[in-house]
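By convention in this document, chain letters (A, B, ...) are assigned in the order of the sequence lines, proteins followed by strands, and residues within each chain are numbered from 1. Both backbone and side-chain heavy atoms feed into the values below; hydrogens, waters and symmetry mates do not.
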Amino acid sequence: MELVQESPYRFRIDREAPMRVPGVVFAVPELLPEVGADRSLDQVANVATLPGIVEASYAMPDVHWGYGFPIGGVAATDVAAGGVVSPGGVGFDISCGVRLLTAELDRAELPRVIEALMDGLDPAIPRGMGRGAVWQLADRAELDAVLRGGSRYAVERGHGVPRDLARCEDDGAVTDADPAQVGERAVQRGQGQVGSLGSGNHFLEVQAVEEVYDEPVAAAFGLRPGQVCVMIHCGSRGLGHQICTDYVRIMEGVMPRHGIEVPDRQLACAPVDSPEGRAYLGAMAAAANYARANRQLLTEAARRVFTRVAGTDLDLVYDVSHNLAKIEEHERDGGTRRLCVHRKGATRALPPDHPDLPADLRDVGQPVLIPGSMGTSSYVLTGVAGNPAFASTCHGAGRTRSRGEATRAARGQDVRRDLAARGVAVRGASRKGLAEEMPDAYKDVSAVVEAASGAGLCRLVARLTSLGVVKG
DNA sequence: ATGTCC
């Protein structure tokens, strides 16, 4: 595996058979995965072999090893040229993503209420493996309504306000969701988890705007220095996981019939225009809507606490996924092409004037929400014109230590107490969960967003600092 | 990420 530096923030993996296109990694040398220690660059090259892939197999500055595709990978396939869709290019946590809300509360007022807020959030935010959810669905029919309607259905049922939807990617629901393509086991796992955080790196944090890099854009997003915010990071729980599992198996079985060979069976895929490709996209869209409804429900739970304890509502800045495949139109080779853009651990970042933006964000671009590791900083970025990676950028800090290594490193330490000593109030569901997510197990998210910005993938708007963590 | 192996 050889990397050729093309510019300060861009490295190329030259095309060699069976790659159909080169690999491109956006990074600075310090962020590049260690060759040998991490197979993610081999994965970038493997993705470049997929039928119909356009231009390059891209990796964001937070790239690391994943299932088949690297996490932090972007691959677009040309639908009309036999382009494929691959569940491994979306990931197990379908439409995992981030939403950011602002409170009418200044950081200076927070010490007075933070403990009461955290004590209110603690029982209000179901989290951890399995157990608990804000919303008890009546029956399968209501689950189907969630799978079709996402946040839109949640708001219709009174869980939120119409303005929320204007600030959601896809206005709160992906079209073309097909609940009939969701398997029975996925349905069973999904029935009792709508409105729950999950575990791992998912969280709800109370944050404050620490630093503003672009005042006009921050103002357009509704962010000012010192403003208290809430960030929610979660996904489609067991339902999305089961859908990914089911369709990897289905696609493994039909690849020979479609004449597709891949260098890694975890890259199982099928043409977008095939029964299996369409079925996956229908199920994937259903899981995406489940994830969006999930974030909407947790927003409502947090709103009730903020209203009761601090007398403030929460306004939605934006809600955006970082694990999804979307059929999008992009200008390439002098024409408009329909592409299936896989973003796995990569955030969509629409530039100013994009037609999919709400009118009040048209001049400034799409808010891009980048969570940092637990109790550190998170970032708000904005999309820029000329993004070379199909309007995509990074998604977070990226692990440097596995969960097991982190747990060993945390032995004898009290992660919760260490965070509290730095002024971060923590309400975790388990000691083990906190240990696995200790900040030392992650890269510096600041270096990641600076590289993404330097590479022309996005622009920095604001840095948020963590003041309270609710974890699974 | 995930009822961390049906």
Side-chain angles (χ1 to χ4, degrees), chain A residues 40 43 60 62-73 86-99 126-133 143 182-194 196-204 232-250 252 266 283-284 286-288 290-292 294-295 298 320-325 342-347 370-374 394-408 428-438 441-442 470-472:
Chain A
S40 60
Q43 294 187 317
M60 304 295 109
D62 49 336
V63 65
H64 56 286
W65 181 87
Y67 180 91
F69 284 59
I71 296 162
S86 173
V90 172
F92 279 91
D93 195 1
I94 296 167
S95 205
C96 178
V98 182
R99 79 166 40 191
R127 59 199 190 275
M129 291 294 291
R131 62 201 163 92
L143 177 63
V182 177
E184 198 48 45
R185 188 180 290 178
V187 165
Q188 282 168 9
R189 292 178 69 174
Q191 196 79 43
Q193 297 187 318
V194 196
S196 65
L197 205 52
S199 58
N201 64 358
H202 290 162
F203 64 75
L204 181 151
I232 298 171
H233 177 207
C234 64
S236 50
R237 305 293 328 273
L239 178 127
H241 192 279
Q242 191 64 49
I243 288 171
C244 182
T245 302
D246 292 346
Y247 278 92
V248 166
R249 185 168 307 156
I250 289 169
E252 272 179 353
Q266 296 184 350
M284 181 209 70
Y290 186 95
R292 279 66 174 325
N294 196 20
R295 291 194 283 276
L298 291 172
V320 65
S321 297
H322 47 233
N323 280 4
L324 204 61
H342 301 72
R343 296 187 183 89
K344 181 189 191 178
T347 314
I370 307 297
S373 51
M374 176 171 61
C394 57
H395 88 302
R399 264 190 188 281
T400 52
R401 283 168 156 164
S402 70
R403 293 178 193 285
E405 286 174 287
T407 306
R408 282 190 290 280
S430 75
R431 192 183 174 91
K432 180 167 174 286
L434 291 178
E436 289 176 350
E437 295 300 316
M438 63 190 289
Y442 282 86
V470 179
K471 283 291 276 186

Let me know the distance between [atom1] of [X] and [atom2] of [N], rounded to the nearest Å.
X	N	atom1	atom2	result
A:Q188	B:dT2	CD	P	18 Å
A:M129	B:dC5	CE	C1'	13 Å
A:K432	B:dT2	NZ	P	12 Å
A:R185	B:dT2	CZ	C1'	13 Å
A:H241	B:dC6	NE2	P	9 Å
A:L239	B:dT2	CG	C1'	12 Å
A:D246	B:dT2	CG	C1'	13 Å

Report which part of the nucleic acid [X] touches: base, sugar-phosphate, or nothing (heavy-atom distance under 4.0 Å, all strands).
X	value
A:E436	nothing
A:E437	sugar-phosphate
A:G235	nothing
A:R403	base

How close do A:A287 and A:G240 get, heavy atom to heavy atom, and via which atoms?
CB-CA, 4.1 Å
Charged N-O contact under 4.0 Å between A:R399 and A:E437:
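Counted as a salt bridge, because a side-chain N and a carboxylate O are separated by less than 4.0 Å.
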Centroid-centroid under 6.0 Å between A:H322 and A:H233 rings
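Yes; A:H233 has its ring centre under 6.0 Å from that of A:H322.
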When you measure from the side-chain N and O atoms of A:T245 to the phosphate of B:dT2, is any distance below 4.0 Å, counting only OP1 and OP2?
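No.
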Between A:S402 and A:E405, do the side chains contain an N or O donor and an N or O acceptor separated by less than 3.5 Å?
yes
If you only use heavy atoms from C-beta on, which nucleotide in B:dT4, B:dC6, B:dT2 is closest to the side chain of A:R237?
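Shortest atom-to-atom distance from the side chain points to B:dT2.
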